[in-house]
Protein chains: 2
Amino acid sequence: MPDTLSQTFAALADPTRRAMLARLADGEASVSELAEPFRAEMSLPAVTKHLKVLERAGLITKTKQAQWRPCKINPLPLKDASDWMQQYRRIWEESFDRLEEYLKTVKAKKKAQGKKNDRSK
Amino acid sequence: MPDTLSQTFAALADPTRRAMLARLADGEASVSELAEPFRAEMSLPAVTKHLKVLERAGLITKTKQAQWRPCKINPLPLKDASDWMQQYRRIWEESFDRLEEYLKTVKAKKKAQGKKNDRSK
DNA sequence: CGGTTAATTAACCACATGGTTAATAATAGT
DNA sequence: ACTATTATTAACCATGTGGTTAATTAACCG
């Protein structure tokens, strides 16, 4: 019984499931509609399993409509995961700043080098 | 060999590894320093394995210093994962707006109800 | 050299994950 | 009632994950 955040990240750690979420971002879809892009690569039960992972993570909710199971995206866990990540924003921005700084010094050096080599006729 | 994003999310799907990242956000730390908070819960080889997962995901880099292996956080994959998530920002903001709207109508209804029940003497 | 500290590797185990095929359920439509 | 469609469940398999203990490597220190 892992915590919510772990379940969310685990659910996102699969390209098939991320593609399904992307599809659901455009609106509800039934299981077979979600399965359609993967029909060549995997069977329907495999799709059902992926959806179950997304459901247990709270990223989607399945409803009933005749013999269809329309799925709907639930963005809350995504927001929570995103909020968690923002903790580290400071760090990647710092590291980007350091990179910028470094590139500036490299460019400065290059310029000096250029001058040194400037024996144009 | 899963894609980068999958490896990142998989690495983040474990509270121990997230705690290690949090520690590394405050600066470099050796393996045993990183292990310290977990000494009661798990052995050193377990820690080594977690670090290997983080390393393969590109979230940390290990260097050498005598018999120590100082680890440093590398925020790039975190930024990429965060950027990916921002796709869904629209959705959770929309759903928040809908919730707000709903709460407004509920409050309005409550008020009306209150009036109806107002037979104070 | 010999001992200590830091960390990894090896070998193993239980359990989860991602897939399969075959069988089953549930609803719609005629 | 029968058949087709949609989806799930069951049973199975290979591989990955998270942990263990014991052995090994590598560097320092006296």
Side-chain angles (χ1 to χ4, degrees), chain A residues 1-21 23-24 27-73 77, chain B residues 1-21 23-24 27-72:
Chain A
M1 20 209 120
D3 56 296
T4 318
L5 213 42
S6 296
Q7 274 186 281
T8 304
F9 283 131
L12 295 178
D14 183 288
T16 305
R17 289 193 291 264
R18 288 198 302 277
M20 287 170 165
L21 278 185
R23 167 66 189 78
L24 289 174
E28 292 196 10
S30 71
V31 173
S32 39
E33 280 169 344
L34 287 168
E36 199 273 330
F38 308 104
R39 290 298 353 228
E41 311 154 43
M42 76 183 68
S43 65
L44 212 60
V47 170
T48 298
K49 283 193 180 184
H50 280 302
L51 290 175
K52 205 154 270 184
V53 173
L54 289 170
E55 206 178 7
R56 265 188 309 166
L59 284 162
I60 67 166
T61 52
K62 251 182 279 189
T63 56
K64 253 179 148 172
Q65 213 168 97
Q67 69 266 53
W68 290 271
R69 297 294 122 88
C71 300
K72 203 171 140 295
I73 194 172
Chain B
M1 23 214 109
D3 58 295
T4 318
L5 213 43
S6 295
Q7 276 187 279
T8 304
F9 283 131
L12 294 178
D14 183 289
T16 304
R17 290 194 289 265
R18 288 198 304 276
M20 288 170 164
L21 278 184
R23 166 66 188 78
L24 288 174
E28 292 195 12
S30 70
V31 174
S32 39
E33 279 169 343
L34 287 168
E36 200 273 331
F38 308 104
R39 289 294 359 222
E41 309 153 44
M42 75 182 68
S43 67
L44 214 60
V47 170
T48 297
K49 283 193 182 181
H50 280 301
L51 290 174
K52 205 154 270 182
V53 174
L54 289 170
E55 206 178 6
R56 266 188 309 169
L59 286 162
I60 66 166
T61 51
K62 251 183 279 191
T63 56
K64 254 179 147 173
Q65 214 170 94
Q67 69 265 53
W68 290 272
R69 299 294 121 89
C71 301
K72 203 171 141 299

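To find a chain, count down the sequence lines: A is the first, B the second, and so on, and within it residues start at 1. Just the heavy atoms: all of them, side chains too, but no hydrogens, waters or symmetry mates, feed the values below.
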Separation of [X] atom [atom1] from [N] atom [atom2], in whole Å?
| X | N | atom1 | atom2 | value |
| --- | --- | --- | --- | --- |
| B:Leu12 | D:dT17 | CG | P | 14 Å |
| A:Leu34 | D:dA7 | CG | P | 9 Å |
| B:Phe9 | C:dT17 | CZ | C1' | 18 Å |
| B:Glu41 | D:dG18 | CD | C1' | 13 Å |
| B:Leu44 | C:dT9 | CG | P | 12 Å |
| B:Arg18 | D:dG18 | CZ | C1' | 15 Å |
| A:Lys62 | D:dT8 | NZ | P | 4 Å |
| B:Glu33 | C:dA7 | CD | C1' | 13 Å |

Checklist entry - When rounded to the nearest 0.5 angstrom, what is the spacing between CG in B:Leu21 and CG in B:Leu12? => result 6.5 Å
Checklist entry - How many angstroms lie between atom CZ of A:Arg23 and atom CD of A:Glu28, to the nearest 0.5 angstrom? => result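 Between A:Arg23 CZ and A:Glu28 CD, I get 10.0 Å after rounding to 0.5 Å.
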The side chain of [X] lies closest to which of these nucleotides: [options]?
| X | options | value |
| --- | --- | --- |
| B:Lys49 | C:dA6, D:dG18, D:dA10 | D:dG18 |
| A:Lys52 | D:dT9, C:dG19, D:dG19 | D:dT9 |
| A:Ser32 | D:dT5, C:dA22, D:dA7 | D:dA7 |
| B:Arg17 | D:dG19, C:dT20, D:dG18 | D:dG18 |

Checklist entry - Contact class for A:Ala66 (heavy atom, under 4.0 Å): base, sugar-phosphate, or nothing? => result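 Touches sugar-phosphate only.
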Next on the checklist: Considering every strand and a 4.0 Å limit on heavy-atom distances, what is the contact class for B:Thr16: base, sugar-phosphate, or nothing?
Outcome noted: nothing
Checklist entry - Where each residue is assigned the nucleotide of DNA chain C containing its nearest heavy atom, which of A:Arg69 and A:Ser43 is assigned the position nearer the 5′ end? => result A:Ser43
Checklist entry - Start at the 5' end of DNA chain C and walk down; is the nucleotide closest to A:Ala46 or to A:Trp68 reached first? => result A:Ala46
Checklist entry - Is there a side-chain contact between B:Leu54 and B:Leu51 (heavy atoms, below 4.5 Å)? => result yes
Checklist entry - Looking at B:Arg18 and A:Ser6, what are the two nearest heavy atoms and their distance? => result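 In this case the closest contact between B:Arg18 and A:Ser6 is NH1-OG, 3.1 Å.
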Checklist entry - Just to confirm, is there a sub-4.0 Å distance from OP1 or OP2 of D:dG19 to any side-chain nitrogen or oxygen of B:His50? => result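 Looking at the OP1 and OP2 atoms of D:dG19, one of them is under 4.0 Å from a side-chain N or O of B:His50.
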